[in-house]
Protein chains: 2
Amino acid sequence: MSNLETVFESIIHFALKDPRQTKLGRSIVKNGIYMIAELGFEEMNFKKLGKAIGSPEASIYRYFENKHKFLLYIMAMYWGMIDQHCEKIIHSNNGHEEKIYSTLDLLCTSPDIPFGNVKIPGEVIYAVVIGESVKTFMTKHVDADNHHGAFRTLKSTTSHLAELLSEYSPDYPFPKALASTIIEMSLYQRYFSEHLPSMTDIGKHQSIVDDLKLWIIGLLRATRITPGEDSQILRISL
Amino acid sequence: MSNLETVFESIIHFALKDPRQTKLGRSIVKNGIYMIAELGFEEMNFKKLGKAIGSPEASIYRYFENKHKFLLYIMAMYWGMIDQHCEKIIHSNNGHEEKIYSTLDLLCTSPDIPFGNVKIPGEVIYAVVIGESVKTFMTKHVDADNHHGAFRTLKSTTSHLAELLSEYSPDYPFPKALASTIIEMSLYQRYFSEHLPSMTDIGKHQSIVDDLKLWIIGLLRATRITPGEDSQILRISL
DNA sequence: CTGTTTTTGATAGCAATACTATCAAATAAT
DNA sequence: ATTATTTGATAGTATTGCTATCAAAAACAG
């Protein structure tokens, strides 16, 4: 059983029936992602999606209980893919610094996602992740969704990055916080550079991706606490 | 004219008529904030709010065009207050390091907000900010809202912090990105510590606020680029 | 304190959204 | 060829987000 299958198995229960197995299912997922990328999650709905793929709304409800579960499915799939790449990097023979840099590369440029016999382009799914990822967990039912495993792949990716950061700086007390910050902020800074440019400098020195990586690598310095500075920081802050 | 008035004047156009001037208006804003804190933005609506304050839905629509503008109003008010405190800190006679620390304090613990003759407790508005702030700008109409000044106070706060960071480390190339990261992530890490605890270490060593401040102060190290390390980073990343 | 303007309450209604139900036609599995 | 499963077509319901109307209440002005 390939790793790819493992990813899809772990997300299958967010759907009512496996969309990868049928033409309609694949069409729903692929076109749904395109539609969210184009209209945004709020303005997308199953009626419009049905019209776009030439099927009635009701047929889509046979695959996904509701819009929110559809988003959970897509995001869990995305982070599952990223997490799988992450594991490949971790189990490689490179040094841990190089592993970190490869992971940052992965977080700044999305791979394509193979979905049954169709392919979802990295740029399209990445656009959806940038704009909608936060909407999966900033809800009143986050705890219930979490309990059902909705964020397992996102949390796993965070843990993997946190472990790499711990190897890099074993004494740093906030590896998970820095990992989640890097993951979330690599999305946010891109969003800011497009929509609220005064909130970032990313993309103003060189290309967005290059600036982003340089900025994140700078953040790694936060993990390097020298004894003298540390005591000064502690004195002032606490 | 006090600074407080300036804040409210700058947000008044997100309402149809000034809610501070009437009993009903104040009741809408105060109870609306409480209701969002309790139910979340998605589950709150003007019908429920009307019931809670004993007024018909239609009366609320006389103050706010819709739910989203109501949220914009609240958030612009919050960041306006924070920004005003920020300016006070900047114009104080302290050194720039102390100014930064005061600002971080401000970002980790919300002040109460005086609203006409009622007061909105810091913890209540802060709970709303943590869970809903991102929903003001992660929308398809972000550019239109931005154009109408919806994020002026948030952007101003970011700029103020970025300026302090620039004073602290004049050569650091990403002061705005770090400022927006500190602002957004001080909210996120709190959210994570409550709902997705495996994504953070904040609150696991000491109190949430102490951990948060210590963690943010560690991030400031990202601004300190020594020539040797810098060249190594540049070589690897680009 | 009287007449006028503004604000509120009460109710009704409408278009869109998020689903659910039903049943026949098409497709796939045995 | 028969049976089971999937899809299409259509209809319908409850809720949401918002608008319209008009009389009662409150605020205000002379």
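Order of the sequence lines sets the chain letters (A, B, ...), proteins ahead of strands, with each chain counted from 1.
- Between B/Arg20 and B/Glu5, at least one side-chain nitrogen of the basic residue sits less than 4.0 Å from a carboxylate oxygen of the acidic one, meeting the salt-bridge criterion.
- Between the side chains of A/Gln84 and A/Thr6, no donor-acceptor pair is found at a separation under 3.5 Å.
- Per the geometry, CD belonging to B/Gln21 stands 16 Å off C1' belonging to D/dC28, to the nearest Å.
- Residues A/Arg26 and A/Asn117 meet the side-chain proximity criterion, which asks for heavy atoms closer than 4.5 Å.
- Taking 4.0 Å as the cut-off between side-chain N and carboxylate O, B/Lys48 and B/Glu43 do not count as a salt-bridged pair.
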What string of B, S and - do you get for nucleotides 8-19 of chain C, 5' to 3', when a contact is any protein heavy atom under 4.0 Å? BBBB-----SSB
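- In this structure, CD1 of B/Ile28 is placed 12 Å from C1' of C/dT7, rounded to the nearest angstrom.
- Atom CZ in B/Phe64 sits roughly 18 Å away from atom C1' in D/dT19 (whole-Å rounding).
- Atom-to-atom, CG of B/Leu16 to P of D/dC18 comes out at 12 Å; the value is rounded to the nearest Å.
- Taking the six-membered ring for Trp and the full ring otherwise, the centers of A/Phe115 and A/Phe8 sit less than 6.0 Å from each other.
- Fit an axis to the five pairs at each end of the helix from C/dC1-D/dG30 to C/dT30-D/dA1 and the two axes sit 30° apart, to the nearest 10 degrees.
- Each of B/Tyr63, B/Phe14, B/Phe64 was scored for a ring-ring contact (aromatic ring centres under 6.0 Å, His included) with B/Tyr73, with one residue passing: B/Phe64.
- Using a 4.5 Å heavy-atom threshold, the side chains of B/Met75 and B/Leu154 count as separate.
- Annotation: ring-ring contact (aromatic ring centres under 6.0 Å, His included) contacts of B/Phe192 (sequence neighbours excluded): A/Phe137, B/Tyr188.
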